Trainee: 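Got a structure for you, questions after.
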Amino acid sequence: MTFYMLLCIILLIFLLPSKQKGVWRKVSIILTTITLLAVYGLRNVNVGIGDVVNVYLPEYNRVVMKLNYFQILNKFKDPAFYVMTKFIINISNNNVNFWLFVCASLYVIPLMKLIYKESLNPLISVFMFLAFDFFGTAFSGLRHCIACGILFFSFKYLKEKKFIPFLIIVLIASCFHITALLFLLAYPVINIIKWKEYNKSNVLMLNVIVLCLFVFNKMMGSYILKSIFDIVINVFNLSRFSIYTAENYSSLNSNLFIIHYAFFLFSSLLYKNNVIKQNSNEDIFYKLQFIGVILLTFIGTLGEFYRLSYFFISYSIFLIPSAINMFRYSNTRKAVSLLILAMCFLYFLFFGIYNNVLVPYRFFWR
């Protein structure tokens, strides 16, 4: 825990001036990016849930290393990750940590660039990133996080209603993880579904939909969804995904729905009394979180829905600073910001680092 406490202190120092515009904000984000990349790149491969040691490296040694690039393209449904892995490990003389650094860069750099441009409070955004599994997931879910990082580039085109470049970026991301195709859903939700205003009835309706789905899945949906998922696994020979139907795995992830629904509810309570422009950041972040929590209602039944929701709930780190900005008085905004920052700090140190098996942190030479 000591290592992560020091990490929080360092990031806090770097990010204190980040709310200011101009050079200080840029310096803060650059220093934060370098720090996070150092943590990811200098780690021992055993830090994290274990996918690097138990999945990626064995698969590379057993399969990818023996194939040429064209064979990799034909063998895998999302081949870009394995092509990149083969290329990076070859040019680095089998330096696994350089490979980990590159993988982290494809996730962290796009994220931090988006925080620099779009977050109303980078300090809160980064500490939410640390606390609520985004930071921890990147230690093991390499393909998934790279896809998510690439999708961050699509935000600009989602906002500007430019479908073709948006589509191209989503397709590139899907070459790293096929589930990234689900992010195509964001375009019609953001740009086709129009609301005249965020009034109490609209916001209430969305919360009712989420809660009804959650209750349905708890009461009736479990058997139906698991049956469908088992059929898909058998038909498409996806036995490696059978772990996600396990009761113990799914129950552990149910807390994620509670956390992210709390973010959605908090934002709903503040949005209902404010004028939100269509296609503003506030509008987009809120609707993306809505899609995310809808997917998370199924997580108690099938843990795989966490992966699907990840592309959407990642924007919660932008949503909460935007929601805090809705408070009328400056002192209220400061007090709520401090409270959320403290909650992130405590959750990260007492839950986040343990949920993702990040303790103890070890450098690669240990």
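Residue numbers count from 1 along this sequence. This one's a predicted model, so the numbers in the text were calculated from it and none came from an experiment. Side-chain atoms are counted along with the backbone in the values below, which use heavy atoms only and exclude waters and symmetry mates.
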Trainee: Output, in order, the C-alpha distance, side-chain angles, deciding distance and verdict of side chain to side chain donor-acceptor pair (under 3.5 Å) for N281 and K159.
Mentor: CA-CA 8 Å; N281 283 359; K159 185 176 180 179; 2.8 Å; yes

Trainee: Check for a donor-acceptor pair, side chain of Q71 on one end and backbone N or O of N68 on the other, with a separation under 3.5 Å.
Mentor: yes

Trainee: Roughly how far, to the nearest 0.5 Å, is CG of L15 from CD1 of I115?
Mentor: 8.5 Å

Trainee: Verify ring-ring contact (aromatic ring centres under 6.0 Å, His included) between Y286 and F264, making sure each step is shown before the conclusion.
Mentor: CA-CA 7 Å; Y286 185 79; F264 184 71; 4.8 Å; yes

Trainee: Is the distance between the ring centroids of F134 and Y107 under 6.0 Å?
Mentor: no

Trainee: For this output row, return yes or no: ring centroids of F101 and Y40 closer than 6.0 angstrom.
Mentor: no

Trainee: Parallel, tilted or perpendicular, judged at 30° and 60°: which one describes the rings of F266 and F327?
Mentor: tilted

Trainee: Looking just at side-chain N and O atoms, do S125 and S119 make a donor-acceptor pair shorter than 3.5 Å?
Mentor: yes

Trainee: Parallel, tilted or perpendicular: which describes the rings of Y306 and Y310, with under 30° parallel and over 60° perpendicular?
Mentor: perpendicular

Trainee: How are the rings of Y315 and F183 set to each other: parallel, tilted or perpendicular (split at 30° and 60°)?
Mentor: parallel

Trainee: Where do N44 and Y361 land on the side chain to side chain donor-acceptor pair (under 3.5 Å) test, with the steps shown first?
Mentor: CA-CA 8 Å; N44 186 292; Y361 182 88; over 6 Å; no

Trainee: Hey, would you say the H144 and F311 ring centroids sit under 6.0 Å apart?
Mentor: yes

Trainee: To the nearest 0.5 Å, what is the distance between CZ (F135) and SG (C145)?
Mentor: 11.0 Å

Trainee: With a sphere of 6.0 Å drawn around NZ of K86, does it hold more than 12 non-hydrogen atoms of other residues, nucleotides or ligands?
Mentor: yes

Trainee: Do the side chains of F155 and K117 get nearer than 4.5 Å, heavy atoms only?
Mentor: no

Trainee: Going through the checks in order, is the ring-ring contact (aromatic ring centres under 6.0 Å, His included) test met by F127 and F345?
Mentor: CA-CA 7 Å; F127 270 78; F345 179 76; 7.0 Å; no

Trainee: Quick one: are M326 and E282 in side-chain contact, heavy atoms under 4.5 Å?
Mentor: yes

Trainee: Consider only side-chain N and O atoms of N93 and N95, and report whether a donor and an acceptor are under 3.5 Å apart.
Mentor: no

Trainee: Are the side chains of I146 and M84 in contact, using a 4.5 Å heavy-atom criterion?
Mentor: yes

Trainee: Begin with the C-alpha distance, continue with both residues' side-chain angles, and end with the deciding distance and a verdict on ring-ring contact (aromatic ring centres under 6.0 Å, His included) for F81 and H177.
Mentor: CA-CA 8 Å; F81 175 80; H177 206 291; 9.5 Å; no

Trainee: Check whether any side-chain heavy atom of L36 sits under 4.5 Å from a side-chain heavy atom of L11, and report yes or no.
Mentor: yes

Trainee: Under the salt bridge (charged side-chain N to carboxylate O under 4.0 Å, His left out) rule, collect the residues that match up with K75, sequence neighbours excluded.
Mentor: none

Trainee: Can you confirm whether more than 12 heavy atoms, excluding those of M1, are under 6.0 Å from its CE atom?
Mentor: yes

Trainee: Drop me the distance from L288's CG to L185's CG, to the nearest 0.5 angstrom.
Mentor: 9.5 Å

Trainee: Are the side chains of W24 and K19 in touch, meaning some heavy atoms are under 4.5 Å apart?
Mentor: no

Trainee: Mind checking what makes side-chain contact (heavy atoms from CB on, under 4.5 Å) contact with V96, not counting sequence neighbours?
Mentor: V45, L57, W99, L100

Trainee: Look at the rings of F318 and F285 and say which category their plane angle falls in: under 30° parallel, 30 to 60° tilted, over 60° perpendicular.
Mentor: parallel

Trainee: Under 3.5 Å, side chain of Y271 to main-chain N/O of D283, donor-acceptor pair present?
Mentor: no

Trainee: Which atom pairs, one a donor and one an acceptor, fall under 3.5 Å between side chains of residues 347-355 and the rest of the protein, sequence neighbours left out?
Mentor:
unit_1, atom_1, unit_2, atom_2, d
N355, ND2, F351, O, 3.4

Trainee: First locate atom NZ of K334, then atom CG of N121, and finally report the distance between them rounded to the nearest 0.5 Å.
Mentor: 12.0 Å

Trainee: Hey, what's the ring geometry for F263 with H260, parallel, tilted or perpendicular (30° and 60° as the breaks)?
Mentor: perpendicular

